[in-house]
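Before any comments, here is the structure.
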Protein chains: 2
Amino acid sequence: MNISVPLKKGRKFDQVIAGAREVFLREGFEGASVDQIARDAGVSKATLYSYFPDKQALFMAVLTSQCQMQSEQAMGIEILQRPVPEALYSIARSFLNFLMSDFSIQVFRVCVAESNRFPELGRAFYDSGPKQALDQIAAYLGSEKVARELKIDDPYMAADQFLQLCRADMLLRRILNVDTDDSPDKMDRIARETVATFLARYRRA
Amino acid sequence: MNISVPLKKGRKFDQVIAGAREVFLREGFEGASVDQIARDAGVSKATLYSYFPDKQALFMAVLTSQCQMQSEQAMGIEILQRPVPEALYSIARSFLNFLMSDFSIQVFRVCVAESNRFPELGRAFYDSGPKQALDQIAAYLGSEKVARELKIDDPYMAADQFLQLCRADMLLRRILNVDTDDSPDKMDRIARETVATFLARYRRA
DNA sequence: GATGAACTAAACTGGTCAGTCTATTGTACC
DNA sequence: GGTACAATAGACTGACCAGTTTAGTTCATC
């Protein structure tokens, strides 16, 4: 009847993923126990193991689906029609907003922590997040519209610098659980300073 | 007889720390077993437990001593006497060199991973590493010598931007275990681009 | 209301691990 | 050579945990 129900093996599939996401992001791979995941998911351990062959597979399923979600966080095309400085500011602002979210911080932490144990994980995270952002900004910076106002020889290097400027010390502090001012005002200021520095370097004389 | 021997409780203390560093940095906190640490250190478990009350204390001792070492990685004063662009380039280059070392990457990974479980750890790492760097660069950027050539209203914001530009995508890739070009040439280029962008923004008209 | 698949709780297995304990051996010093 | 501490190997305890199994329950569907 309900066509939108995915073709997964059973009704509790999404519950399992949700519980596992919760626990894995909070505790990391080693720190999370399967019993706890089952409890959090409101599901029996046997059910969980009917979906996934083992803990690793569940872990990878959760994190690659999170990376998938992350990569769908695309830049609105309408932003890019605006004047370059405004567009840059908007990009910086929304990028920063995303970076500072609990979601993004937790996924980052776990991916960094387990990128030794699960080599594919670091790659999957990089490709679905930082690389997407880099590609999109580089494409924008390489566009004809931008070329009229900015002089950019290497769009990837420029995009990299732009994104680095956005990140700022504030992000590092959040990642390390150090108290920090992450008010909208502060984030605004970082976005403005990012654009100011970026334009100073790349604006046409 | 040997005065340089530290006044720790026994002769094997340093061995314990060395073994623990090795294993913790490779495996993380949960992934490392005390038996393995003792084996790596060439020491019995009982000896290890005569120095440290439990695994957590050992972990913190290792990492805070690593952070200590990190913070002693100070900027040579002679660099700062050179002309500003040259000084900036040298700072960028040696900062990058340090950031990309196995040591620094491993410590960072473990601190990020465990900063939830050990809140003091994230703080200790931040204070002994990133914060030191920020303070030192900000002090330099706020100095009179620099003020003659650069116009900097907020030395901390400027220092933050400078350090962010150094980090670059390359660092993120290494942290996530993604293959990357980290040749001296590449690092040189990043340092030069960092200085170029920084000067474009802050050089006096 | 019968059928079969999905789900359940709970017990169980085999393994690992943190931390303790014991009995013994080295080592330094008087 | 006697005293006292440092260190050792290895056995042991109690806890936890991944993954399996069993015997029974829910639920959609016909």
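A note on names: the letters A, B, ... follow the listed sequences, proteins ahead of strands, and every chain is numbered from 1.
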Non-neighbouring partners of A:A38 that pass side-chain contact (heavy atoms from CB on, under 4.5 Å), sequence neighbours left out: A:K45, A:L48
For A:I37 and D:dC17, what is the distance between atoms CD1 and P respectively, to the nearest whole Å? 11 Å
Taking CD from B:Q15 and P from D:dA6, how many angstroms apart are they, rounded to a whole number? 16 Å
Would you find a donor on one side and an acceptor on the other, under 3.5 Å apart, between the side chain of A:R93 and the backbone of A:A191? no
Rounded to whole Å, the NZ-P distance (A:K12 to C:dA5) equals 18 Å
Rounded distance (Å) that lies between atom P of D:dC17 and atom CD of A:Q36: 8 Å
Mark up nucleotides 9-27 of chain C, 5' to 3', with B wherever a protein heavy atom is under 4.0 angstrom from a base atom, S wherever such an atom reaches only the sugar-phosphate, and - elsewhere. B-------SBBBB------
For the pair made of CG in B:D14 and C1' in D:dA7, what is the distance, rounded to whole Å? 16 Å
Donor-acceptor pairs under 3.5 Å, side chain of residues 160-172 of chain B to any protein atom, not counting sequence neighbours: which ones?
| unit_1 | atom_1 | unit_2 | atom_2 | d |
| --- | --- | --- | --- | --- |
| B:D160 | OD1 | A:D169 | N | 3.0 |
| B:D160 | OD2 | A:D169 | N | 3.0 |
| B:Q161 | OE1 | A:T197 | OG1 | 2.7 |
| B:Q161 | OE1 | B:Y202 | OH | 2.9 |
| B:Q161 | NE2 | A:E193 | O | 3.1 |
| B:Q161 | NE2 | A:T197 | OG1 | 3.3 |
| B:D169 | OD1 | A:Y126 | OH | 3.1 |
| B:D169 | OD2 | A:Y126 | OH | 2.5 |

Quick one: salt bridge (charged side-chain N to carboxylate O under 4.0 Å, His left out) partners of A:K131, sequence neighbours excluded? A:D135
Output side-chain donor-acceptor pairs under 3.5 Å for residues 80-92 of chain A, partner residues at least two apart or in another chain, one line each.
| unit_1 | atom_1 | unit_2 | atom_2 | d |
| --- | --- | --- | --- | --- |
| A:R82 | NE | A:E86 | OE1 | 3.2 |
| A:R82 | NH2 | A:S90 | OG | 2.7 |
| A:Y89 | OH | A:D188 | OD1 | 3.0 |
| A:Y89 | OH | A:D188 | OD2 | 3.1 |
| A:S90 | OG | A:E86 | O | 3.3 |

How would you list, by chain and number, every residue that makes a ring pair (Phe, Tyr, Trp, His ring centres under 6.0 Å) with B:F29, sequence neighbours excluded? B:F59, B:F118
